[in-house]
2 protein chains.
Amino acid sequence: MARLPGYLRALTALAADGTLSVSSEELASAAGVSSAMLRKDLSHLGSYGVRGVGYDVDRLSSEIAAALGLTQDWPVAIVGMGNLGRALAAYRGFAERGFRVIALLDRDERVVGEVVAGTRVRSTADLPALVEDDGLAIGVIATPPEGAQEACDELVDAGVRSVLNFAPVVLSVPDEVVVRKVDLSTELQILAFHGQRLAVAEAVAP
Amino acid sequence: MARLPGYLRALTALAADGTLSVSSEELASAAGVSSAMLRKDLSHLGSYGVRGVGYDVDRLSSEIAAALGLTQDWPVAIVGMGNLGRALAAYRGFAERGFRVIALLDRDERVVGEVVAGTRVRSTADLPALVEDDGLAIGVIATPPEGAQEACDELVDAGVRSVLNFAPVVLSVPDEVVVRKVDLSTELQILAFHGQRLAVAEAVAP
DNA sequence: ACGACTTTGTGAACACGGGCACAAAGTGAC
DNA sequence: GTCACTTTGTGCCCGTGTTCACAAAGTCGT
């Protein structure tokens, strides 16, 4: 169900335009998928469409938001206050989507206490308290590769079950923990691969 | 071939440890895939393994780097100097992997001329010159969602054929252009979905 | 009230990618 | 030189996820 966020985004845009109802064809093209796929995905949520008409934009938005668990705010902690961590801390995109950054953490005692993006950096030793007292549920790993597994272990030990990993390493975690990976280098290397193929193709048949 | 960067990373780590040769089993576990898959992937590049022994670390690294087109530096431009764009401009992770950020661009004339991360912000109107004179090949879109398609069109018109999109929209591009998407909100929403499922499961069977 | 039309929901065909298992090929000891 | 052992390369099978195509269900005009 990795496509639900995309549908939700398309629906939000439609709602902002004042659209009340949308067909699978329209919504699918706005979300960049095929209409058959969209209908199959939505049918798994339940039958919220009306044959001959389409889907009610508001109704479907609510259903998807509920399915994704976006009816509540999710507390997030960012671990690792290097370049990337500071960038993420300053990025306002989290809050806009219902994710509240409640803590910035670092292992290094020299960084702890520093103020980044208006928030005081705390020690990773505070993690159990954050989970217990503030309901911390999602950890973002923005450490260097060497420290990523350790940061991840601390998060898991404290009770965090969802991790977003920006470090270019494969994390090993227990089965009940979900790790999503965002890897800028990998994406760029895939683009380089494409650039290379284009260059070769042009050299052969200019 | 989206796994090649992962293999390359694992190989680099092995080389740093002084390892000369590696079996598919070892390399696969370091990269987080199955050994059968690793062997199949590598066989597509050519037969660089020796039966009974394994793969030569240096040799394989070179072959993968060559296949990915990492023998050259790739010039990159970042479009959109908002929060995210500034964060990316300050992030040193690009340069470490052979990607040179040669330009920071913005559409807004009030931002053009400002100095971000030591570099003067230029206008998106400079794009054709950057492609022509500096060999710009990869564009990074860090604009707000509303401006993303326009930024993308400008990149494509100027001749850029590889785009890394951070904006939460579906970009439409000609067939020869490759777009990779990095979407923090989507990743977080998938994690929220997981958190929600965990919470529900615990409520049912505590 | 009825019929033409639109659009959903879904069963069935299809395609792709991953895993299994084994033959081929090389190494090293004796 | 031969034999036992290791590890690659690959043909085949299987499961998941996607597309196709159509029947069911509803709307709207007359």
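Chain naming here is simple, since letters A, B, ... match the order of the sequence lines and numbering starts at 1 in each.
- Within the 4.5 Å cutoff, the side chain of R100(A) has no heavy atoms near those of the V76(A) side chain.
- Summarising the geometry, the separation between CG on L38(B) and P on dG18(C) is reported as 12 Å, rounded to the nearest angstrom.
- Rounding to whole angstrom units, OH of residue Y48(A) and P of dG9(C) are separated by 11 Å.
- For the 3.5 Å distance criterion, the side chains of S24(A) and R39(A) qualify, holding a donor opposite an acceptor.
- Look at D183(A) and R9(B) and you find a salt bridge, because one of the NZ, NE, NH1 or NH2 atoms lies within 4.0 Å of a carboxylate O, short of that distance.
- For DNA chain D, the neighbouring residues in residues 51-69 of chain A, judged by any heavy atom under 4.0 Å, are R51(A), V53(A).
- When DNA chain D is scanned 5' to 3' for any atom under 4.0 Å from a heavy atom of chain A, the first and last hits are dT18(D) to dT27(D).
- Inspection of the Q189(A) and T186(A) side chains reveals no N or O donor paired with an N or O acceptor under 3.5 Å.
- Contacts between residues 4-32 of chain A and DNA chain C, defined by a heavy-atom separation below 4.0 Å, involve S23(A), S24(A), listed by number.
- Between the NZ atom of K40(A) and the C1' atom of dA12(C) there is a distance of 9 Å, rounded to whole Å.
- In this structure, CD in Q149(B) is found 4.0 Å from OG in S172(B), a value given to the nearest 0.5 Å.
- A side-chain N or O of Y7(A) and one of D41(A) form a donor-acceptor pair less than 3.5 Å apart.
- For D41(B) and dG17(C), the CG to P distance is 11 Å, given to the nearest whole Å.
- Regarding M37(A), its CE atom lies at a distance of 14 Å from the C1' atom of dA15(C), rounded to whole Å.
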